[in-house]
Amino acid sequence: MDFSLSEEQQALRQAVRDFARAEVAPLAADLDREPRFPWETLRKMGALGLLGVTTPEEYGGAGLDVVTYVVLLEEIAAADASHATIMSVTNGLPQSLLLTHGTEEQRRRYLPRLASGEWIGAFCLSEPHAGSDAVALRTRAERVDGGYLLTGTKAWVTSGGEAQLYVVMAKTDPAAGARGVSAFLVEKGADGMTFGRAEEKLGQHAAVTRSVTFERCFVPESARIGGEGQGFVMAMSALDGGRIGIAAQSVGIARAALETARSYANERQAFGRAIHEFQGVGFKLADMATRIDAARLLTLRAAWLKDRGYRVTREAAMAKLFASEAASAVTHDAVQVLGGYGYTKDFPVERYFRDARVTEIYEGTSEIQRMVIHRQLYRELER
Ligand code: CAA
């Protein structure tokens, strides 16, 4: 898809591809076996501008556009999905919320730390009983002198326990539904904040996921981001951007699987020839490549529209839906092309297959994306 990228974007992509191949990919199998949060490589990514890609330079970011962001995120995901998840969340949710709704003081305090990779940011919306139905969250923010007391438990927090900054959605007015949710910035170490154990997941082991519990945790008024009652709409519009990141990540994982399958099918001989020469394998590779390109185009479209200031609820949901399902299908087929070897840890495709699965779940399941697209279709009719 080079036709759509400037020379500068192509050069940046090459530089990040080289970095990812040299520094990130060699760690991926070890991080999968012995999970740990990859601080060393994250710090290097921060130095390269990858942890604050669209954050303006005046706040320590790289000041690039969303199209460049998805191109670079794909490169990291092709090397290791866990790094890409951490990158996507810290860029796409806390930083974008600070940029769109933060006060100047909040931006100056947090953005330079997040963009440099000194700090990682996390997003706390889901709860043990409220995932897809996010409005049903129960965490309370009770007004007290000078601020609020947060009480409740957040689930599935990417980088939970490792991140230093948490954007927490809590109800300031439980009777007001979506309009009763407000957003708060909470720093790790706040009194009354504790972390659950690291979840034992199918894949993406290094993108540590924990619950976060708040027990009468005091946050000052100055820690509220946006107005009271604006938190849900803010979270939803941040997720529009976040979903473009997950789409780019899905493309990266799928591309890595295709590259492995293509090489293997070129080398592996059966019945006197390379197996890709058999239509059963060749057509599979063709379908994998087509799915990846279609997913990338949907992702670039959403990014391109976001760069131009359009609301991208529909386009981001389509990109995330299609790309995540493509990643699952492509990694499934890659295992099939490699046969028995694909099922072992001698090759990375079984890891890609496991890592891809959650892209259909986090930042809104495929079912939620379909619901969002369906609603947008009818909203267009009403206009
Ligand atoms: N942009 C702006 N505003 C939006 C919006 C968007 N994309 N989506 C909804 N809103 C607004 C609506 O206009 C509405 O505002 P009004 O009160 O002014 O009418 C308000 O938000 C409530 O929206 P709905 O009426 O549509 O609410 P709902 O309850 O019917 O459905 C939903 C909302 C789309 C299903 C939403 O709950 C949803 O997206 N659920 C999935 C949540 C999700 O993606 N969670 C992932 C968490 S992050 C994560 O995975 C962990 C991690 O670490 C990465």
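Only a predicted model underlies this, so the values are computations on that prediction, with no experimental measurement involved. Note that these values count all heavy atoms, side chains included, but never hydrogens, waters or copies made by symmetry. Read the numbers this way: they start at 1 and go in the same order the structure lists the ligands and their atoms.
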- Would you say atom 14 (C) of ligand 1 has a protein heavy atom nearer than 4.0 Å? no

- Task: Could you tell me whether the side chains of T153 and T213 share a donor-acceptor contact shorter than 3.5 Å?
- Result: yes

- Message: I need the nearest protein heavy-atom contact for atom 46 (C) of ligand 1: residue, atom name and distance, please.
- Response: E363 CA, 3.6 Å

- Task: May I ask you to list the atoms of ligand 1 that are less than 4.0 angstrom from any heavy atom of A134?
- Result: 37 (O)

- Salt-bridge test for E380 and R314: reply yes if a basic N is under 4.0 Å from a carboxylate O, no otherwise. yes

- Query: Any idea which atoms of ligand 1 are less than 4.0 Å away from a heavy-atom of T313?
  - Reply: 6 (C), 7 (N)

- Query: Which part of L239 is near ligand 1, with near meaning a heavy atom under 4.0 Å away: side chain, backbone, both or neither?
  - Reply: side chain

- Query: atom 40 (N) of ligand 1: which protein heavy atom is closest, and how many Å away?
  - Reply: S132 O, 2.8 Å

- In the protein, which heavy atom is nearest to atom 1 (N) of ligand 1, and how far is it? R311 NH2, 3.3 Å

- Are T151 and E215 close enough that a side-chain donor and a side-chain acceptor fall under 3.5 Å? no

- Begin from the C-alpha positions of E127 and W156 and carry the test side chain to side chain donor-acceptor pair (under 3.5 Å) through to its verdict. CA-CA 8 Å; E127 298 186 359; W156 315 116; over 6 Å; no

- R179 heavy atoms within 4.0 Å reach ligand 1 at atoms 15 (O), 16 (P), 17 (O), 18 (O)

- Message: Within the 4.0 Å heavy-atom shell around V89, which atoms of ligand 1 are there?
- Response: 54 (C)

- Task: Output, in order, the C-alpha distance, side-chain angles, deciding distance and verdict of salt bridge (charged side-chain N to carboxylate O under 4.0 Å, His left out) for D287 and K284.
- Result: CA-CA 5 Å; D287 286 344; K284 211 182 271 307; over 6 Å; no

- Query: Just checking, is any N or O donor in the side chain of S182 or T172 under 3.5 Å from an acceptor N or O on the other one?
  - Reply: yes

- Query: Which of the atoms of ligand 1 are close to S126, meaning less than 4.0 Å from one of its heavy atoms?
  - Reply: 47 (C)

- What protein heavy atom sits nearest atom 29 (O) of ligand 1, and how far away is it? V135 CG2, 3.4 Å

- Message: Distance alone, cut at 3.5 Å: any donor-acceptor contact between the side chains of Q204 and Y362?
- Response: yes

- Query: Which residue holds the protein heavy atom closest to atom 24 (P) of ligand 1, what is that atom called, and what is the gap in Å?
  - Reply: R375 NH1, 3.8 Å

- Looking at T158, which atoms of ligand 1 are within less than 4.0 Å of one of its heavy atoms? 52 (C), 53 (O), 54 (C)

- How close does the nearest protein non-hydrogen atom get to atom 44 (O) of ligand 1, and which residue and atom is it? R243 NH2, 2.8 Å

- In this structure, atom 9 (C) of ligand 1 is nearest to the protein heavy atom M236 CG, 3.7 Å

- Identify whether the distance between the nearest side-chain nitrogen and carboxylate oxygen of E105 and R109 falls below 4.0 Å. no

- Message: Less than 4.0 angstrom from a charged side-chain N to a carboxylate O is my criterion; do K44 and E40 meet it?
- Response: no

- Item | Which atom of Y69 lies closest to which atom of M87, heavy atoms considered | OH-O, 4.1 Å

- May I ask you to list the atoms of ligand 1 that are less than 4.0 angstrom from any heavy atom of W156? 51 (C), 52 (C), 53 (O)

- Does ligand 1 have any atom sitting under 4.0 Å from a heavy atom of G131? yes

- Please write down residue, atom name and distance for the protein heavy atom closest to atom 3 (N) of ligand 1. V233 CG1, 3.5 Å

- Message: Pairing donors with acceptors under 3.5 angstrom, does anything connect the side chains of K154 and S211?
- Response: no

- Query: Less than 3.5 Å between some nitrogen or oxygen of L125 and one of ligand 1, yes or no?
  - Reply: no

- Task: Report yes or no: is the cationic atom of R224 (NZ for Lys, CZ for Arg) closer than 6.0 Å to the six-membered ring centre of Y148, at no more than 45° off its axis?
- Result: no

- Task: For atom 32 (C) of ligand 1, state whether the nearest protein heavy atom is under 4.0 Å away.
- Result: no

- Could you tell me which atoms of ligand 1, counted from 1 in the order shown, lie closer than 4.0 angstrom to a heavy atom of D240? 1 (N), 6 (C), 7 (N)

- Could you pull out all residues at least two apart from K306 that satisfy salt bridge (charged side-chain N to carboxylate O under 4.0 Å, His left out)? none

